[in-house]
Enquirer: 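After the structure tokens below, expect a handful of questions from me.
All heavy atoms count here, side chains included; hydrogens, waters and symmetry mates do not.
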Amino acid sequence: MMTKVLHLIKPSVITIQPDKLWQITLRFPPVIGMETNCWLLNGEQGLTLIDCGCSSHGEEIITASRALGEIKRIIITHGHPDHAGAAAAISRALNIPVFAHEEEICFLKGTKTVSAEAGSLICKCILWIGDRTGFVIPKVENCLPLQDQEEIAGIKILYTPGHTPGSISLFDTTTRALFCGDNLHTMFRKPVMGHEWFTLDKSTRDGCLRKYQNLDVTRLLAGHGKPYESGALPKELKDIMDKTLR
Ligand SMILES: [Zn+2]
């Protein structure tokens, strides 16, 4: 019972691969809210934090990660407030850089907002309401741009825009993990395409996810939902893409 209560008030840290890969699950609003994931990946160049929850989650992530090592860098899959919200606080507190695709840097620096970009009206409205109700990304000072196919700390960057203009996915060969941000989710245990209400340009997103189908992956780690592991994952991803693009 006590473990369950603690689970509600602390972020849950789950080991996916010992000494290599962990999931930190956060809730927004706290305790009762929706879950969002961030990930800690331990490589030759130390710990990388992939995504970082909402603006209120900075201290929770730093505390949760302390026993695992020193975070050396943050990589953001995309500039939505439930993925990049705590980037500024963590970057400042640990004096580490925040990496994002070059087209996403403007949203982290606050020179543009995603809701003002061209795309789906429903998605823009949802983002606009978020902007006006404090669901925002505090300005990140120490931002560095990434490009398609670049490698950083052994992690391959795949430019997969559409959910936002500079959405990226990350592929790590040592853990055979694909971090797909919100392009797919696993909230119903199986991978499915991310909801179009939260996606600016669905057809661009759908088209570029073909990049997933030839990756040697066994783990799909989405922004929302449990880790999904399968020896047949490349085929399953191809089937999802075939169905979507039919
Ligand atoms: Zn998103």
Enquirer: Residues in salt bridge (Lys or Arg N to Asp or Glu O under 4.0 Å) with Asp201, at least two apart?
Expert: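 With neighbours one apart ignored, the set is empty.
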
Enquirer: Can a donor-acceptor pair be found, under 3.5 Å and without considering hydrogens, that links the side chain of Thr111 to the backbone of Phe107?
Expert: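 The answer is no, because no donor-acceptor pair under 3.5 Å joins these two groups.
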
Enquirer: Closer than 3.5 angstrom, by distance alone: can the side chain of Thr186 be matched with the main-chain N or O of Tyr228 as a donor-acceptor pair?
Expert: no

Enquirer: Do Leu221 and Leu178 make a side-chain contact, defined as non-hydrogen atoms from C-beta onward lying under 4.5 Å apart?
Expert: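 The answer is no, as the side chains (C-beta and beyond) never meet within the 4.5 Å cut-off.
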
Enquirer: I need the minimum non-hydrogen distance between Ile16 and Trp22, along with the two atoms involved.
Expert: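 Closest heavy-atom pair between Ile16 and Trp22: CD1-C, 4.1 Å.
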
Enquirer: Quick check, are the ring centers of His83 and His224 under 6.0 angstrom apart?
Expert: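 Ring-ring flag for His83/His224: true, centres closer than 6.0 Å.
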
Enquirer: Do Phe171 and Phe179 have their ring centres less than 6.0 Å from each other?
Expert: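 No, they do not, as the ring centres are separated by 6.0 Å or more.
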
Enquirer: Within the 4.5 Å heavy-atom criterion, are Asp242 and Arg210 side-chain neighbours or not?
Expert: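 A side-chain contact exists here, since the closest heavy-atom pair is under 4.5 Å.
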
Enquirer: Among Gln147, Gln149, Glu103, His101, find the one that has a side-chain hydrogen bond (donor to acceptor under 3.5 Å, both in side chains) with Tyr159.
Expert: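 Of all the options given, the one that passes is Glu103.
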
Enquirer: Please name the pair of heavy atoms, one in Ala87 and one in Val140, separated by the smallest distance, quoted to 0.1 Å.
Expert: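 Looks like CB-CG2, 3.9 Å.
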
Enquirer: Would you be so kind as to tabulate the donor-acceptor pairs closer than 3.5 Å made by side chains of residues 68-78, with sequence neighbours excluded?
Expert:
unit_1	atom_1	unit_2	atom_2	d
Arg73	NH1	Gln45	O	3.4
Arg73	NH1	Thr48	OG1	2.8
Arg73	NH2	Gln45	O	2.6
Thr77	OG1	Asp51	OD1	3.2
Thr77	OG1	Asp51	OD2	2.8
His78	NE2	His80	ND1	3.4
His78	NE2	His163	NE2	3.3
His78	NE2	Asp182	OD2	3.3

Enquirer: Please determine whether salt bridge (charged side-chain N to carboxylate O under 4.0 Å, His left out) holds for the pair Asp239 and Lys243, giving the CA-CA distance in whole Å, both sets of side-chain angles, and the decisive distance to 0.1 Å.
Expert: CA-CA 6 Å; Asp239 289 346; Lys243 211 167 118 190; over 6 Å; no

Enquirer: Taking atom CZ as the centre, does Arg189 end up with more than 12 heavy-atom neighbours from other residues, nucleotides or ligands that are less than 6.0 angstrom away?
Expert: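 Atom CZ in Arg189 is not packed in, count stays at 12 or less.
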
Enquirer: What's the verdict on side chain to side chain contact (heavy atoms under 4.5 Å, CB included) for Leu127 and Cys125, showing C-alpha distance, side-chain angles and the deciding distance?
Expert: CA-CA 5 Å; Leu127 294 170; Cys125 283; over 6 Å; no

Enquirer: Any chance you could lay out the side chain to side chain contact (heavy atoms under 4.5 Å, CB included) test for Ile155 and Leu41, step after step, and finish with the verdict?
Expert: CA-CA 9 Å; Ile155 305 163; Leu41 180 61; 3.7 Å; yes

Enquirer: Determine the minimum heavy-atom distance between Gly79 and Ala84, stating which atoms define it.
Expert: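 Smallest interatomic distance, heavy atoms only, reads CA-CB, 4.3 Å.
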
Enquirer: Before giving the answer on side-chain hydrogen bond (donor to acceptor under 3.5 Å, both in side chains), spell out for Ser115 and Asp131 the whole-Å C-alpha distance, their side-chain angles and the decisive distance to 0.1 Å.
Expert: CA-CA 8 Å; Ser115 63; Asp131 289 344; 2.6 Å; yes

Enquirer: When you look at Gln23 and Val13, which way does the side chain to side chain contact (heavy atoms under 4.5 Å, CB included) test go after all the steps?
Expert: CA-CA 6 Å; Gln23 175 189 24; Val13 181; over 6 Å; no

Enquirer: Please check if the number of heavy atoms outside Lys211 that lie under 6.0 Å from its NZ is greater than 12.
Expert: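 Yes - once you tally the heavy atoms of other residues, nucleotides and ligands closer than 6.0 Å, there are more than 12.
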
Enquirer: Do Ser91 and Glu141 have a side chain donor and acceptor closer than 3.5 Å?
Expert: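 Not at all, the side chains of Ser91 and Glu141 share no donor-acceptor pair under 3.5 Å.
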
Enquirer: Measure the shortest side-chain to side-chain distance between Ile90 and Ile62 over non-hydrogen atoms and say whether it is less than 4.5 angstrom.
Expert: yes

Enquirer: Using side-chain heavy atoms (C-beta onward) and a distance below 4.5 Å, is Trp39 in contact with Ile24?
Expert: no

Enquirer: Are Thr218 and Leu233 side-chain neighbours, meaning at least one heavy-atom pair lies under 4.5 Å?
Expert: no

Enquirer: Heavy atoms only: give me the nearest Ala86-Cys54 pair and the separation to one decimal.
Expert: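 So the two residues come closest at CB-O, 3.2 Å.
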
Enquirer: What is the minimum heavy-atom distance between Cys180 and Ser169, and which atoms define it?
Expert: CA-OG, 4.1 Å

Enquirer: Taking the side chain as C-beta and beyond, is there a heavy-atom pair between Lys156 and Asp172 under 4.5 Å?
Expert: no

Enquirer: Is the NZ atom of Lys124 crowded by more than 12 outside heavy atoms at less than 6.0 Å?
Expert: yes

Enquirer: How close do Gly53 and Leu26 get, counting heavy atoms only, and between which atoms?
Expert: CA-CD1, 3.9 Å

Enquirer: Is a side-chain donor or acceptor of Lys202 paired with a backbone partner of Glu196 at a separation under 3.5 angstrom?
Expert: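 Here the side-chain-to-backbone pair does not exist.
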
Enquirer: Mind checking salt bridge (Lys or Arg N to Asp or Glu O under 4.0 Å) for Glu229 and listing every partner two or more places apart, or none if nothing turns up?
Expert: Arg219

Enquirer: Working to the nearest 0.5 angstrom, can you tell me the gap between Asn142 CG and Phe99 CZ?
Expert: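 So the gap between those two atoms works out to 8.0 Å.
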
Enquirer: With the side chain counted from C-beta on, respond yes when Leu170 and Leu158 share a heavy-atom pair under 4.5 Å apart, and no when they do not.
Expert: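 The answer is no; the side chains never approach within 4.5 Å.
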
Enquirer: Are side-chain heavy atoms of Ile50 and Cys38 found at a separation under 4.5 Å?
Expert: no

Enquirer: If only atom types and distance count, is the side chain of Ser120 paired as donor or acceptor with the main-chain N or O of Cys123 below 3.5 Å?
Expert: yes

Enquirer: Would you tell me whether Ser230 and Glu236 have side-chain atoms, one donor and one acceptor, within less than 3.5 Å of each other?
Expert: yes

Enquirer: Sub-3.5 Å donor-acceptor pair from the side chain of Gln213 to the main-chain atoms of Lys238, do we have one?
Expert: no

Enquirer: Would you tell me whether Ser167 and Thr160 have side-chain atoms, one donor and one acceptor, within less than 3.5 Å of each other?
Expert: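 No, Thr160 and Ser167 have no side-chain donor paired with an acceptor closer than 3.5 Å.
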
